[in-house]
Each structure stands twice: as structure tokens, then as C-alpha cells.
**Student:** 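Sharing a structure, written as C-alpha cells. Questions coming.
A note on names: the letters A, B, ... follow the listed sequences, proteins ahead of strands, and every chain is numbered from 1.
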Amino acid sequence: MPDRKPGRRGTSSPLGVPRDLIGPRLTHADFAISAERLAATLIGCVLVRVIDGEMLAGQIIETEAYVGVKDRASHAYGGRRTPRNEMMYARAGTLYVYFTYGMHHCMNVVCGEVDEPVAVLLRATRPLIGLEAMARRRFGSAEASRRERDLCSGPAKLCQALGVDRTINGLDLVRGESMWIAHPGTGLEPIQRRDVRRTPRIGIDSAGAWAARPLRWVVDAREIGR
DNA sequence: ATGACGATTTACT
DNA sequence: GTAAATCGTCATA
């Protein structure tokens with residue numbers, strides 16, 4: 001599927017933002033809520049990345065909440081505060097990027113209050129804009145031989161597709177110009193609440209009882225076409 | 001200084 | 001289904 005064009009007169013801002021897909025930016029107040037509420041809210045929103053003069057964007061379809069010092073699966077469990085997870089203690093709307101498995105990056109949106117280490121892991125998007133650039137970053141070529149569904153269908157895939165690494169750890173999603181989150185534009189099918197499932201989080205089997213908690217939000221695959 | 005372990009992905013059986 | 005890749009991080013010493 002080719003990238004969508006900006007469209008008719010008036011649908012594109014001076015910066016080239018296609019308003020039919022990308023609505024108003026989320027504000028600090030939008031982020032300064034609990035991780036559970038933000039994880040649910042972010043489903044359907046649009047993650048926008050500007051890198052190397054190109055705009056990339058996708059609709060958020062999978063999130064996980066990491067709910068604080070009591071959450072055994074969280075990097076901040078027990079109040080741990082280290083150089084790696086320092087950004088979890090920052091202001092709501094801060095981006096927390098970490099490196100794991102010796103090769104992968106994952107990104108979180110910090111929420112709650114300052115010094116309260118709560119965040120939402122962005123796990124997957126439906127690619128909307130810049131699919132060829134995403135494919136280049138993911139596979140080294142823009143060829144369509146790879147399926148669109150493999151571009152951003154996991155937390156580390158998403159980071160790779162969008163060129164996210166620790167160099168933008170701490171980025172301010174409220175004011176930043178290289179990355180932000182927007183409400184869905186008028187031209188995007190809204191995601192229905194009934195199409196969103198809650199399940200246990202992925203890859204945290206050693207988190208005891210917390211592993212079973214339904215803190216993952218995911219759009220039913222049938223709604224995404226895969 | 002050392003060692004165990006990842007909020008994962010990919011390829012392969 | 002299983003396993004390898006690959007190295008920063010952190011608790012322990």
C-alpha cells in the first residue's frame with residue numbers, strides 16, 4: 001500500500017502534517033494519568049516520527065502498562081532507580097527508551113507524576129505513513145517483498161522501523177519535533193472499544209502473580225487485517 | 001571484576 | 001514448537 005497523500009487543500013499543515021490522519025497532539029495533561037488509563041487511551045492514537053527529513057507514522061494498536069514500584073515486571077520494581085531507568089521518574093510525556101537482549105530497543109511513554117515510575121510500553125502500530133522508509137530501516141531495502149505486518153508488529157520492530165534508540169531517550173513527546181503522539185485524524189477509522197482486548201503482558205513470565213494481570217491492550221487482529 | 005539475565009526477534013525443526 | 005543471537009545492566013563480591 002502506498003503512503004497516503006496529504007490530500008485536498010487544507011488537509012496539510014505548513015510542516016506537511018496530513019491532518020486527515022494525524023490529529024492534535026497529546027498534551028502533558030493527556031499523559032499525566034495512570035499507566036492503565038494511558039495504555040487504553042493510546043490505542044488508536046498516532047505515533048509520529050520525523051527522522052532524516054521524512055515523516056513516519058502509525059496507529060498504535062498494542063500497549064502495556066507498567067504500574068509502578070509494586071509491579072514486579074517493571075524496571076522500577078521495588079523503587080529501583082538506576083541510570084537505565086532514570087527516565088521513568090521524569091515528567092509525564094517523556095520518552096523512555098531502553099536497550100535489551102544485546103540488540104533491541106523498546107520505547108515507553110512516561111505517565112503519572114514526577115518521581116512516580118510508571119510508563120506505557122508501545123508494542124505495535126499499524127503503519128500509516130513512510131512505509132518504505134520503515135522497510136528500509138527494518139530490512140535494509142524498501143522492497144515490498146516483506147509484509148507490511150512485519151514492519152511494526154513488536155516493541156523492538158517498532159523502534160527499528162522508526163529509528164528509535166537510546167539517543168532519543170528522554171525526548172519530550174509534548175514539545176519535541178522529532179517524535180510525538182497525536183489523536184487520530186478525521187480520516188482514520190476510530191478503533192472501537194469492543195475491538196480492544198486486555199490480556200496479560202508479554203515476556204514477563206518471571207514476574208510471579210504480576211505476570212497474570214491483564215495489563216496489555218491489543219486491537220483484535222481481525223480489525224488490523226492479519 | 002564477574003556472572004546471570006533480559007518488557008525480543010528470527011530462523012529453523 | 002525450540003534455540004541462537006548478543007551485550008548492556010545490575011546485583012554481588
Side-chain angles (χ1 to χ4, degrees), chain A residues 31 34-40 42-43 47 58 60-90 92 94-112 116-127 134-141 143 145-171 173 179 181 197-219 221 224 226:
Chain A
F31 293 120
S34 73
E36 294 97 319
R37 285 217 291 146
L38 184 63
L42 289 181
I43 296 293
L47 177 64
I60 297 170
I61 57 172
E62 184 179 347
T63 59
E64 284 179 0
Y66 287 83
V67 300
V69 298
K70 61 185 183 293
D71 180 354
R72 189 159 163 202
S74 172
H75 291 166
Y77 174 62
R80 285 197 307 267
R81 186 167 185 165
T82 68
R84 177 179 69 157
N85 72 5
E86 177 62 29
M87 287 307 169
M88 293 189 77
Y89 292 80
T94 300
L95 187 73
Y96 165 45
V97 181
Y98 67 90
F99 182 68
T100 190
Y101 289 104
M103 63 192 97
H104 298 304
H105 296 273
C106 297
M107 64 174 144
N108 296 255
V109 181
V110 175
C111 53
E116 180 197 17
V118 290
V120 173
L121 174 68
L122 302 182
R123 290 193 57 91
T125 64
R126 178 165 74 90
M134 293 180 192
R136 248 183 282 123
R137 290 182 177 280
R138 288 271 296 123
F139 312 123
S141 85
E143 288 180 40
S145 58
R146 301 281 199 148
R147 290 290 305 155
E148 175 179 329
R149 65 169 167 275
D150 293 327
L151 284 177
C152 302
S153 56
K157 298 180 199 176
L158 178 60
C159 283
Q160 187 181 18
L162 299 188
V164 169
D165 60 27
R166 280 170 298 178
T167 64
I168 59 169
N169 184 37
L171 182 147
L173 293 167
M179 189 168 220
I181 297 176
R197 312 271 172 265
R198 283 185 68 166
T199 79
R201 293 170 292 182
I202 304 297
I204 54 157
D205 294 341
S206 61
W210 282 91
R213 288 226 186 183
L215 292 173
R216 171 174 175 252
W217 281 255
V218 58
V219 178
I224 305 303
R226 38 177 170 165

**Student:** Atom CE of A/Met88 and atom C1' of C/dT9: how far apart are they, to the nearest Å?
**Tutor:**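 Atom CE in A/Met88 sits about 15 Å away from atom C1' in C/dT9.
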**Student:** Counting only side-chain nitrogens and oxygens, does A/Arg138 get under 4.0 Å of the OP1 or OP2 atom of B/dT9?
**Tutor:**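 It does not, given that no N or O in the side chain of A/Arg138 lies less than 4.0 Å from OP1 or OP2 of B/dT9.
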**Student:** Quick one: A/Asp165 CG to C/dG8 P, roughly how many Å, whole number?
**Tutor:**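 Nearest whole value for this atom pair: 13 Å.
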**Student:** Could you note down all residue pairs passing side chain to side chain donor-acceptor pair (under 3.5 Å) where residues 157-166 of chain A supplies at least one of them, sequence neighbours left out?
**Tutor:**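 Matches after skipping sequence neighbours: A/Arg138-A/Gln160, A/Ser153-A/Lys157, A/Asp165-A/Thr167.
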**Student:** For the pair made of CE in A/Met87 and C1' in C/dT9, what is the distance, rounded to whole Å?
**Tutor:**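 Going from CE in A/Met87 over to C1' in C/dT9 covers 16 Å.
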**Student:** Please name all residues satisfying side-chain hydrogen bond (donor to acceptor under 3.5 Å, both in side chains) with A/Ser206, sequence neighbours left out, ordered by chain then number.
**Tutor:**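 So A/Ser206 forms no side-chain hydrogen bond (donor to acceptor under 3.5 Å, both in side chains) with any residue.
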**Student:** How close or far is atom P of B/dG6 from atom CG of A/Asp205, stated in whole angstroms?
**Tutor:**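 Taking CG of A/Asp205 and P of B/dG6, I get 10 Å after rounding.
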**Student:** Taking the side chain from A/Arg137 and the backbone from A/Cys159, do they hold a donor-acceptor pair closer than 3.5 Å?
**Tutor:**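 Not a single qualifying donor-acceptor pair exists.
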**Student:** Contacts to DNA chain B from residues 101-111 of chain A, heavy-atom cutoff under 4.0 Å, which residues?
**Tutor:**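 By residue number: A/Tyr101, A/Gly102, A/His104, A/Cys106, A/Asn108.
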**Student:** With heavy atoms under 4.0 Å as the rule, sort A/Leu121 into base, sugar-phosphate or nothing.
**Tutor:**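 If one applies the 4.0 Å heavy-atom cut-off, A/Leu121 turns out to touch a base.
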**Student:** In whole angstroms, how far is the C1' atom of B/dA11 from the CZ atom of A/Phe139?
**Tutor:**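 These atoms are roughly 14 Å apart.
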**Student:** Among all residues two or more places apart in sequence or in another chain, which pass the side-chain hydrogen bond (donor to acceptor under 3.5 Å, both in side chains) test with A/Asp71?
**Tutor:**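 side-chain hydrogen bond (donor to acceptor under 3.5 Å, both in side chains) list for A/Asp71, sorted by chain: A/Arg201.
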**Student:** Just call it for A/Arg201: base, sugar-phosphate, or nothing, with non-hydrogen atoms closer than 4.0 Å on any strand.
**Tutor:**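 The answer is nothing, as A/Arg201 stays clear of every strand by at least 4.0 Å.
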**Student:** Any N/O pairs under 3.5 Å between the protein and nucleotides 11-13 of chain C? List them or say none.
**Tutor:**
none

**Student:** Can you check whether A/Glu148 reaches A/Pro127 side chain to side chain, under 4.5 Å on heavy atoms?
**Tutor:**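 In contact.
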**Student:** If you only use heavy atoms from C-beta on, which nucleotide in B/dA7, B/dT8, C/dG8 is closest to the side chain of A/Phe99?
**Tutor:**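 From the listed options, C/dG8 comes nearest.
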**Student:** A/Arg197: what forms a salt bridge (Lys or Arg N to Asp or Glu O under 4.0 Å) with it, not counting sequence neighbours?
**Tutor:**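 Scan of A/Arg197 (salt bridge (Lys or Arg N to Asp or Glu O under 4.0 Å), adjacent residues dropped) gives A/Asp220.
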**Student:** At 4.0 Å (heavy atoms only), tell me whether A/Ala156 reaches a base, stays on the sugar-phosphate, or touches nothing.
**Tutor:**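 Sugar-phosphate contact only.
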**Student:** Return the value, rounded to whole Å, for the distance between atom CZ of A/Arg123 and atom P of B/dT9.
**Tutor:**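 Spelled out: CZ on A/Arg123 to P on B/dT9 is 7 Å.
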**Student:** Can you list the residues that meet the side-chain hydrogen bond (donor to acceptor under 3.5 Å, both in side chains) rule with A/His75, with sequence neighbours excluded?
**Tutor:**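 A/Tyr96.
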**Student:** Can you sort out the partners of A/Arg213 under side-chain hydrogen bond (donor to acceptor under 3.5 Å, both in side chains), two or more places apart, ordered by chain and number?
**Tutor:**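 A/Arg213 satisfies side-chain hydrogen bond (donor to acceptor under 3.5 Å, both in side chains) with no other residue.
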**Student:** Considering residues at least two apart in sequence or located in another chain, which fulfil the salt bridge (Lys or Arg N to Asp or Glu O under 4.0 Å) criterion with A/Arg84?
**Tutor:**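 In terms of salt bridge (Lys or Arg N to Asp or Glu O under 4.0 Å), with neighbours along the sequence ignored, A/Arg84 is linked to no residue.
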**Student:** Salt bridge (Lys or Arg N to Asp or Glu O under 4.0 Å) with A/Arg216: which residues, sequence neighbours excluded?
**Tutor:**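 With sequence neighbours excluded, A/Arg216 shows a salt bridge (Lys or Arg N to Asp or Glu O under 4.0 Å) to A/Glu62, given in chain and number order.
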**Student:** Please determine, for the side chain of A/Ser206, which listed nucleotide (B/dG6, B/dA7, B/dT10) has the closest atom?
**Tutor:**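 Of the options given, the side chain of A/Ser206 lies nearest B/dG6.
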**Student:** Using a cut-off of strictly less than 4.0 Å, decide whether A/Arg84 has a side-chain nitrogen or oxygen near OP1 or OP2 of B/dC5.
**Tutor:**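 Answer no for this pair, as no side-chain N or O of A/Arg84 is under 4.0 Å from OP1 or OP2.
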**Student:** Base, sugar-phosphate, or nothing: which does A/Arg166 touch, judged by heavy atoms less than 4.0 Å apart?
**Tutor:**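 Sugar-phosphate contact only - A/Arg166 comes under 4.0 Å of backbone atoms but never of a base.
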**Student:** Please give the stem ranges for DNA chain B, sorted by first residue number, where a stem is three or more consecutive Watson-Crick or G-U pairs and both donor-acceptor distances are under 3.5 Å.
**Tutor:**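 B:1-6 with C:7-12, B:8-12 with C:1-5 - these are the stems of 3 or more pairs that involve DNA chain B.
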**Student:** Any chance CZ of A/Arg37 has more than 12 other-residue heavy atoms, nucleotides or ligands included, within less than 6.0 Å?
**Tutor:**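 Atom CZ in A/Arg37 is not packed in, count stays at 12 or less.
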**Student:** Name all residues meeting the ring pair (Phe, Tyr, Trp, His ring centres under 6.0 Å) criterion together with A/His105; count only those two or more places apart in sequence or in a different chain, and write none if there are none.
**Tutor:**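 Residues passing ring pair (Phe, Tyr, Trp, His ring centres under 6.0 Å) with A/His105: A/Phe99.
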**Student:** Starting at atom CG of A/Asn169, determine the distance to atom P of C/dT9, rounded to an integer number of angstrom.
**Tutor:**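 It works out to 10 Å between those atoms.
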**Student:** Quick one: A/Gln160 CD to C/dA5 C1', roughly how many Å, whole number?
**Tutor:**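 Taking atom C1' of C/dA5 as the reference, CD of A/Gln160 is at 14 Å.
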